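Side-chain atoms are counted along with the backbone in the values below, which use heavy atoms only and exclude waters and symmetry mates. Just so we're clear, the structure is a prediction, and the values are computed from it rather than from any experiment.
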Amino acid sequence: MRNADEATRKRILNRLKRARGQLDAVINSVENDGKCREVVTQLSAVSTALDRAGFVIVSSAMQYCLTDPEKTAETEDGLTIDELEKLFLSLS
């Protein structure tokens with residue numbers, strides 16, 4: 001994420017922090033014998049927040065990789081477009 005601009009980094013961090021808060025709510029609900037609907041609703045919110053953060057992470061990495069593949073390979077431990085595609089597909 002070294003290549004992400006500050007606004008993108010902030011969006012990613014906000015989504016991940018939201019997911020962390022929602023995950024804490026899921027854990028607390030399970031520990032306190034929460035109702036099934038409450039647990040599933042919170043779990044869905046965690047999943048959505050992680051999916052959205054993942055999309056922003058991958059899309060910004062793809063933009064960086066496609067814009068300057070040689071520099072990306074240099075600065076990101078040899079990351080290629082094919083490897084980035086595999087990483088993206090591993091999220092689905």
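- Distance alone, capped at 3.5 Å, places no donor-acceptor pair between the Ser29 side chain and the Ala25 backbone.
- In this structure, Ala53 and Arg15 approach most closely via the heavy-atom pair N-CD, 3.7 Å.
- Distance check: Arg52 CZ to Asn14 CG gives 13.5 Å after rounding to the nearest 0.5 Å.
- Val40 and Val26 sit in two unconnected hydrophobic clusters of ILVMFWY residues. Membership requires side-chain heavy atoms under 4.5 Å apart, directly or through other members.
- Remark: Leu50 CG to Gln22 CD distance equals 8.5 Å, nearest 0.5 Å.
- Residues Leu13 and Arg9 form a side-chain contact, since some pair of their non-hydrogen atoms from C-beta on lies under 4.5 Å apart.
- Rounding to the nearest 0.5 Å places CD1 of Ile27 at 10.5 Å from CG of Leu43.
- Using a 4.5 Å heavy-atom cutoff, the side chains of Leu16 and Arg20 are not in contact.
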